[in-house]
A.B. asks: 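A single structure is presented below for examination.
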Amino acid sequence: MDAILLQILNGLDKGSAYALIALGLTLIFGTLGVVNFAHGALFMIGAFCTVVVNGLLSLERVTLSETETNPWGEPLEIRVQYAELWFGDFGQLMVDYSVFWSLLFVIPAMLLIGIAMERGLIKHFYKRPHADQILVTFGLAIVLQEIIKQIFGANPIPQPAPDALRGAVDVGAALGLSPGSIIYPIWRLVYFLFAALIIGGVFAFLRFTTFGMVVRAGMADRETVGLLGIDIDKRFTAMFGIAAVVTGLAGAMYTPILSPNYHMGMDFLVLCFVVVVVGGMGSLPGAVAAGFLLGVLQSFASMTQVKALFFGFSIDQVIIYLVAVIILLTRPRGLMGRKGVMET
Amino acid sequence: MADFKTNRRSFIKGSGAVGAGLAAPTIFTKAHAFTNEPGPGSVVLGFNVPQSGPYADEGADELRAYELAVKHLNGGGDGGMLNTFSSKALDGTGILGRKVDYVTGDTQTKSDAARASARAMIEKDGAIMITGGSSSGVAIAVQSLCQDAGVIFMAGLTHSNDTTGKDKKANGFRHFFNAYMSGAALAPVLAERYGTDRKAYHLTADYTWGWTQEESIMAATEEKGWETVNAVRTPLAETDFSSYIAPVLNSDADVLVLNHYGANMVNSLTNAVQFGLREKMVNGKNFEIVVPLYSRLMARGAGQNVKGIFGSTNWHWSLQDQASQTFVSSFGREYGQPPSQAAHTCYVQTLLYADAVQRAGSFNPCAVAEALEDFEFDGLGNGKTLYRGADHQCFKDVLVVRGKENPESEFDLLEVVQVTPMEQVMYEPDHPMFAGGSLGQCNPGA
């Protein structure tokens, strides 16, 4: 029972990352009709925004020692962080909480990157077939990840969670189970809550604001909204920016869980496309529901007992695709897909 | 306008003339005794390392080492470990009087790409020797290609038992240690520190290196009294190991062995620490984590999670012997950072190849192989070392290391806990973990 609860928690946690990325993908597909394979790269760039902020906050003053030398005989470098020099304990606290500070940088940076990506490249492919869009965005993703590798190297760069949120917490005791039965990392709980907040925020934005209402109307019938004199293209461009921000935030907050590396976007991208397809192309609730569903399924499939049911076969590596095949066979439009989307 | 008419007689005459013309250059040239026999001016070495893909940083460090080795062989710089090497055949005038040139290839950490780049270096650039690594799958694939092409392969970082076990080749040589040696060196230290009554849970990367690493460390720890509770294979492409770590919490295990390398190691270790495994008490003992193969470059990726965790390594820049210090000084002055174990083994392999050619007095792969077989040397950073003829594996001391609690610099991540003597990690060439293959015959190629 404890093991099952633990895997549900794990699945929800994985699922929240899938859901956030899939939400951004669906926002873009639903509004602009573009299949954006560069979306994983946005997740990765969001993560590297955190690396940049952490790097800036951790800038060091380097002085050369007059007495000591390093192993190859040159004067030893003595390094002290400027944040600590200038602000003392508060400076250290700033560095410690750099993940949260980075969110302030991620929002404008990703908004700009998203808008630049849409205006600079993707808008030229609106009227082209989906295959062209996939090729050009996939190419863009490769270019972006190579740039990041060139700047930051190929090895993962660790971004620890703040000290206070680094350990694990006894969820079992909190749920009234035997103490120590379910130990779960605090940061993963933080990530889950953060994802719920962002998902809730996006839905509220679309549901309760005039901007959101126009966007939803545009998603349903772009032509009619245009005939009403509304510049829907401008709003859709803004939605691309917002989708980039959502994905960037997902990447930034994920850094203490997965040390950022240039390839992390690609690792998530394929899974998230499966999530979008299973959820139903263009359906926001579908993307979120499918994200959590597939996250939980993937977690369960990696349990030894579940593998034993499949004669030891590594079911965890194929479960998502297997479920996708079954769902698409029984519900060709996905769980919550709308009629007419990607259908000619 | 001339009237050209083709009949059978003129066609045969014409074809004969063309054929003789095409054959002429090879009639008057000397047949080569072996593949890519170098001319009198220079000799080309092929450095096949991951320049893109997940191991690109390790590949870049390997390339630095190769370039430094070439510099030293050609008489440049401070000479590095040429000054400490027990064999004095090399004198800084290249190899057999020829200037050393090199070409590089990008393995991308993919077997097919690595074979393609090695083939291009041999066929297009005339490389007489191929060296490089960072993945056992890649090393085994390239080693087999070099055997067929008739050139020597000096393996870089490859740790699978299979490289000099079931997949060994007469033209292939490995200086780096292997999974068996890691197990044999680590197990006694683990038993001494953590006791003999332990229950281990293994997470293993699902490919050749992971399998042999799991088999080796499992056998070595079980011999010391440990019990293996479970061994789970994880996909190489996995990034989030939380769902594999969770069952460990509910098992009866009190040790987690991570048979992972590179990004796998960084992520699984980070996940394990986040799940509070290191603070956990099981069976009245502190829960422990072990990483059998450590890499400083990759330990950096795991940050402070490596603190206090035991593993093994082929070489470490903090070693105090004269050869290691000379190499660190040489490399540090050139590149502003200490060399990694991958860089060390690549540098050493280049010197060993050059020395073998020099001693053999020939670039013929079969003569070089003969000079390397059962060659005993010292002064290259690992103490007394034997290149065993039976399987082309180097035998030397193995370092047991631990993540340092209070690092003094960004490079100061591991501390050497014990230097395990060579005798303790020796095994017979027909040991079951290495059985199933044979060196075969040396192939000189053309």
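Being a predicted model, the structure only gives us computed values, none of them experimental. Note on naming: letters A, B, ... go to the chains in the order of the sequence lines (proteins, then strands), and numbering restarts at 1 for each one.
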A.B. asks: Find the one option among A:Ala168, A:Pro158, A:Ala17 whose heavy-atom pairs under 4.5 Å with chain B are most numerous.
C.D. replies: A:Pro158

A.B. asks: For the atom pair CG (A:Leu258) and CG (B:Asn271), what is the distance rounded to the nearest 0.5 Å?
C.D. replies: 8.0 Å

A.B. asks: Residues two or more places apart in sequence or in another chain: which of them pass side chain to side chain donor-acceptor pair (under 3.5 Å) with B:Asn286?
C.D. replies: none

A.B. asks: Checking side-chain polar atoms at under 3.5 Å, does A:Asn10 have a donor or acceptor matched by the opposite partner on B:Ser242?
C.D. replies: yes

A.B. asks: Which atoms of B:Asn267 are under 4.5 Å from chain A, going by heavy atoms: the side chain, the backbone, both sets, or neither?
C.D. replies: side chain

A.B. asks: Heavy-atom distances under 4.5 Å only: say whether A:Asp267 touches chain B with side chain, backbone, both or neither.
C.D. replies: side chain

A.B. asks: Kindly state each residue pair satisfying ring pair (Phe, Tyr, Trp, His ring centres under 6.0 Å) with at least one member in residues 150-182 of chain A, sequence neighbours excluded.
C.D. replies: A:Phe48-A:Phe152

A.B. asks: With chain A as the partner, which of B:Gly276, B:Gly262, B:Ala246, B:Ser409 has the greatest number of non-hydrogen pairs under 4.5 Å?
C.D. replies: B:Ala246

A.B. asks: Which of residues 335-343 of chain B get closer than 4.5 angstrom to chain A, counting heavy atoms alone?
C.D. replies: B:Gly336, B:Gln337, B:Pro338

A.B. asks: B:Arg333, B:Glu408, B:Gln325: which one forms the most heavy-atom pairs within less than 4.5 Å of chain A?
C.D. replies: B:Arg333

A.B. asks: For A:Glu77, which residues count as a side chain to side chain donor-acceptor pair (under 3.5 Å) partner, sequence neighbours excluded?
C.D. replies: A:Arg79

A.B. asks: Tell me, for B:Arg233 versus chain A, whether the close heavy atoms (under 4.5 Å) come from the side chain, the backbone, both or neither.
C.D. replies: backbone

A.B. asks: Verify the neighbour count for atom OH of A:Tyr97: are there more than 12 heavy atoms of other residues, nucleotides or ligands below 6.0 Å?
C.D. replies: yes

